[in-house]
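Input: a single structure, listed below in structure tokens.
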Amino acid sequence: MTKKQQSYYMQTDLIFLFILFVCVSLLTIYNAQQLEQYEGENFVLKQIIWFTIGVCIVAAIQFLDLEQLHKASVYIYGASIFILFILLISPESIARTINGAKSWFTLPGLSLQPAEFTKITTILFMSAVISKHKSKYEVSSLKSDSFLLIKLLLVTAAPVFLIMQQPDFGTSMVYLFIAGMMIILSGINWKIIASLIAIISTVSAAVIGFIIKFPVMAQQLLGIKEYQVNRILTWFDPAQQSSDATYHFDRAYMALGSGQLFGKGMSNLQVNYPEAHTDFIFAVIGESFGFIGSALVIFLYFMLLYKLVTLGLSIFKHSSFGAYFCFGFLSLLLIHVFQNIGMTLGIMPITGIPLLLLSYGGSSVLSTMLGMGIIYRVAVEYTIQNDYLFK
């Protein structure tokens, strides 16, 4: 391999962003594990192991090109759906119910959440579906756009249905958001999209209103759990809820506020709250590094999102499949960041959605690195194509 060819695989901007995210993640998790509730735990070491495995995944994906990923997407997607089904019928010995949901394979020394990986495989397959449809119907019409919409909804419906059986309402909403973004970005006629948005908005408002007005009946008719109803009620009107119901919000507010402008620094956390190293890691960031540190973390996400937008637009002519994957992964990152930080600030209901690239967790890290590996491959192919055009 020549020196020039080797340079294709050195995507310095993505590498630099990744290193920054890893540093912030490890520092924040180290601070979180100093809390009394985590005495004796070493989440930092485990997170380093997950990131190391993730880097190996990124490296392995570079042996595949986008055309191969495009062809294999349907099989990868099908396998992930099959694993979700296997999870539901698996015995408690290997798939225990945790926090009211059967979402994890629990093996000796290892727990994996298949729904996290299925997010990436679904984006991959949706990208292939859109790309193939666009190449077949170069001139779109209401009929062809409606056909594409139906295909995308069916691709989304399979994982959402299986995940709702666990049940995991929060993760299901992530899939629906990604599907909505992919539908909009696929270029489907605005009349169809406007009609779809109107229907979804009306149904969503009706369901939330029904849950708020008739919480007990909502549990019986909609099949949702009491704790899920309480989270919606707490989000809608926290002042009317008990201190137990608003405990997570109250502790997160206290942690963020106590960090003030510059934070308390390393190993100086004073506010205890559940899931500090996972779901509420942004509260740890706020308390540790203050408003300035929190703003810098948000800016770091903005830089990654900006990179995904520019990469997607740049690669579109060469590979629409790669471009749509960039946009799909952007949607995944966007909803996770907005929902996780939003629930910490109290503007969104509490869900078990991690802050990608920062929260502790094997499934979250590995699935995100799987997506990052494909993004990295897109960047490599764009560099190769761009170099070829200007030779």
Name the orientation class of the two ring planes belonging to F327 and Y324 (parallel below 30°, tilted from 30 to 60°, perpendicular beyond 60°).
perpendicular
So CG of L185 and SG of C326: to nearest 0.5 Å the spacing works out to 11.5 Å
Answer yes or no: does atom NZ of K132 have more than 12 heavy-atom neighbours from other residues, nucleotides or ligands under 6.0 Å?
no
Is L69 linked to F63 within one hydrophobic cluster, defined over Ile, Leu, Val, Met, Phe, Trp and Tyr using a side-chain heavy-atom separation of less than 4.5 Å?
no
Would you kindly confirm whether L154 and L196 end up in one hydrophobic cluster when ILVMFWY residues are joined by side chain heavy atoms under 4.5 Å apart?
no
Side-chain touch C56/M369, heavy atoms, less than 4.5 angstrom
no
With clusters defined by side-chain heavy atoms of hydrophobic residues (ILVMFWY) lying less than 4.5 Å apart, directly or transitively, does I292 cluster with F302?
no
Could you state the interatomic distance from CD (Q11) to CG (L311), rounded to the nearest 0.5 Å?
8.0 Å
What about I49 and L357, same hydrophobic cluster or not, with Ile/Leu/Val/Met/Phe/Trp/Tyr joined at side-chain heavy-atom distances under 4.5 Å?
yes
About how many Å separate OG1 of T310 and OH of Y306, when rounded to the nearest 0.5 Å?
5.5 Å
Give a yes or no on whether a salt bridge exists between D65 and R377, defined as a side-chain N under 4.0 angstrom from a carboxylate O.
no
Just grab all the salt bridge (Lys or Arg N to Asp or Glu O under 4.0 Å) pairs involving residues 316-342, residues at least two apart or on different chains.
none
Please find the pair of heavy atoms, one from D279 and one from M343, that lie closest to each other, and give the distance.
O-CE, 3.2 Å
Between S363 and W104, is there a side-chain heavy-atom distance shorter than 4.5 Å?
yes
Angle between ring planes, Y137 versus F147, binned at 30° and 60°: parallel, tilted or perpendicular?
perpendicular
Would you check if the distance from the ring center of F43 to the ring center of Y30 is below 6.0 Å?
no
Would you check if there is a donor-acceptor pair between the side chains of E92 and T97 at a distance under 3.5 Å?
yes
If only side-chain N and O atoms count, and only distance matters, is there a donor-acceptor pair under 3.5 Å linking S103 with Q166?
yes
Shortest non-hydrogen separation from L152 to S186 and the atoms involved:
CD1-OG, 4.4 Å
Once rounded to the nearest 0.5 Å, what's the spacing between atom CD1 of I315 and atom OG of S320?
10.0 Å
Whether the S359 and T278 side chains hold a donor-acceptor pair (N or O, under 3.5 Å, no angle test) is what I'd like checked.
no
Are there more than 12 heavy atoms of other residues, nucleotides or ligands under 6.0 Å from atom CZ of F291?
no
Donor + acceptor pair across side chains of S258, K264 (<3.5 Å):
yes
Is the shortest heavy-atom distance from the side chain of L35 to the side chain of H277 under 4.5 Å?
no
Donor-acceptor contacts under 3.5 Å from residues 15-27 side chains, at least two apart:
residue, atom, partner, partner atom, Å
S25, OG, Q47, NE2, 3.2
S25, OG, L358, O, 2.8

More than 12 foreign heavy atoms under 6.0 Å from CZ of F177: is that the case here?
yes
Minimum heavy-atom separation for T121 to S80, with atom names?
OG1-OG, 2.8 Å
